[in-house]
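Inspection log for the structure reproduced underneath, given as structure tokens.
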Number of protein chains: 2
Amino acid sequence: MRSEPGGRSRLTKSGIVATARAIADAEGIDALTLRRLAHELGTGQSSLYRHIADRRELLQLLCDDLAESFPIAPPCSTPASWLRTHWALTYDFLAEHPWAAQVIASGEILAGGGEDVPRRVAEVLVAAGLAVDDADRAVRALWNLVLGHLLNAHPFGHLDGGPPLIDCRADYLWALDALLSGILRPGCAAAAGGEGQHG
Amino acid sequence: MRSEPGGRSRLTKSGIVATARAIADAEGIDALTLRRLAHELGTGQSSLYRHIADRRELLQLLCDDLAESFPIAPPCSTPASWLRTHWALTYDFLAEHPWAAQVIASGEILAGGGEDVPRRVAEVLVAAGLAVDDADRAVRALWNLVLGHLLNAHPFGHLDGGPPLIDCRADYLWALDALLSGILRPGCAAAAGGEGQHG
DNA sequence: ACCTGAACACCGTTCAAGT
DNA sequence: ACCTGAACACCGTTCAAGT
């Protein structure tokens with residue numbers, strides 16, 4: 001883990017984050033303790049505090065780091081098919097880093113997938129005919145749907161007898177199609193349920 | 001906290017769960033430590049282990065206990081309006097117990113809101129014309145949407161300048177309307193995006 | 001200026017010992 | 001049979017002390 005084999009490698013923020021991400025990817029977020037991280041970096045625990053304020057900031061940096069490598073779907077024939085492809089990619093990407101959704105869900109961190117990606121999604125939605133406000137709401141709805149499906153991967157998993165393990169990805173894609181068709185339908189949302197009970 | 005003021009109250013599972021829920025409701029899940037719980041019950045930490053296996057089981061019991069008091073919407077004119085009312089109720093109920101979503105998201109627990117409530121929702125969806133399999137998928141989609149919106153309450157909350165705190169409930173209701181209209185539209189989901197790329 | 005070991009105040013869990 | 005205090009192996013964080 002030393003960057004200079006001969007001498008001592010100075011600790012850097014990016015080096016800390018890279019090692020932390022490796023631990024979290026390999027063994028989950030609970031394995032990422034400051035003691036473990038320091039040991040992996042060949043230093044003492046208290047040395048980390050010279051570069052990060054506390055564990056919360058480490059997790060924030062970890063999420064920011066991941067957000068930079070978020071996937072974005074290539075151009076596509078229709079907005080609908082681009083959106084479906086893009087949010088399937090997002091699911092697959094986050095499914096490979098389960099710690100990310102857990103960290104977001106812990107409530108300490110605020111994250112929404114960087115800056116560029118959600119803006120691009122909103123642009124496609126506006127191009128598809130949505131008002132700007134509705135496009136932002138739709139981005140948040142899609143993001144929260146992904147998050148819910150990633151975090152609740154084991155629900156309804158009938159323990160007694162426990163036969164049918166659910167295909168989580170297929171489940172998500174079904175929900176994604178439903179949400180997208182609701183978002184993109186002419187006239188937009190807010191017509192499903194009651195008449196005027198929007199408070 | 002003693003049930004019999006004169007003598008010593010015997011510890012019971014339900015008593016433990018009730019006190020645990022009170023702590024979690026009042027101060028959040030992090031405040032619910034076994035030491036704190038034992039102290040609140042007027043006993044020692046190790047005494048708890050005579051009634052629960054470990055902290056994981058305590059959280060499971062806590063979720064089961066909450067699931068029993070889940071709300072269910074009264075009968076309504078149309079399936080669509082019942083579903084909207086019901087899932088708005090579910091959001092409001094869970095928003096009052098933020099620890100529940102966090103516990104589910106931690107991955108240790110499996111929960112889906114009890115037994116009766118999701119079955120009733122599925123019945124309404126079938127009555128609205130969905131196939132049985134699709135009704136189950138729709139229940140999971142709606143549940144995961146609630147979960148995502150509850151857990152990700154602070155996202156996109158622009159820190160720099162930080163003006164526009166999002167109205168989370170309104171955000172959720174917008175997403176709910178979109179998802180419901182996608183679920184209930186004739187022909188059902190799976191037609192939004194590409195042609196046949198359902199893998 | 002930068003790093004460190006030892007300590008502090010926690011945590012869940014266990015276990016020999018009490019009644 | 002039921003409960004308990006003390007201990008164990010952790011955690012994040014702090015701080016006086018080193019170079």
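In this text the structure is predicted, and so the values were computed from the model without any measurement. Letters A, B, ... are given to chains in the order of the sequence lines, protein chains preceding strands, and every chain is numbered from 1. The figures that follow rest on heavy atoms only: side chains count, while hydrogens, waters and symmetry mates do not.
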Which atom names give the shortest non-hydrogen contact between A:Gly15 and A:Leu41, and what distance separates them?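 Smallest interatomic distance, heavy atoms only, reads O-CD2, 4.2 Å.
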Non-hydrogen atoms of A:Gln102 and A:Leu151 that approach each other most closely: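 Heavy atoms of A:Gln102 and A:Leu151 come nearest at N-CD2, 3.8 Å.
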Which helical stems does DNA chain D take part in, if a stem means at least 3 consecutive Watson-Crick or G-U pairs with both distances below 3.5 Å?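 Counting only runs of 3 or more consecutive pairs, the stems involving DNA chain D are C:4-8 with D:12-16, C:12-16 with D:4-8.
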Walk along nucleotides 5-10 of chain C from 5' to 3' and tag each nucleotide B, S or - by protein heavy-atom contact under 4.0 Å, base first, then sugar-phosphate. B-B---
Rounded to the Å, how far apart are [X] [atom1] and [N] [atom2]?
X	N	atom1	atom2	value
B:Leu58	C:dT13	CG	C1'	14 Å
B:Ile52	D:dC3	CD1	C1'	15 Å
B:Arg55	C:dT13	CZ	P	8 Å
A:Asp30	D:dG12	CG	C1'	14 Å
B:Leu34	C:dG12	CG	C1'	6 Å
B:Leu11	D:dA1	CG	P	18 Å
B:Arg56	C:dG12	CZ	P	15 Å
B:Leu41	D:dC3	CG	C1'	14 Å

Of the listed nucleotides (D:dC3, C:dC2, C:dT13), which one gets closest to any side-chain atom of A:Arg50?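 Selected nucleotide: C:dC2.
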Taking the side chain as every heavy atom from C-beta outward, state whether [X] and [Y] have any pair of such atoms under 4.5 Å apart.
X	Y	answer
B:Val117	B:His86	yes
A:Ile72	A:Leu89	no
A:Leu11	A:Ser47	yes
A:Tyr49	A:Leu34	yes

Kindly say whether A:Gly182 contributes a backbone atom to a donor-acceptor pair with the side chain of A:Arg185 at under 3.5 angstrom?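 Answer holds: yes.
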Is B:Phe70 reachable from B:Val17 through a run of I, L, V, M, F, W or Y residues, each pair having side-chain heavy atoms under 4.5 Å apart?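 Same cluster.
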Got a salt bridge between A:Glu123 and A:Arg119, using NZ or NE/NH1/NH2 to carboxylate O under 4.0 Å?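 Result for this pair is no, no salt bridge flagged.
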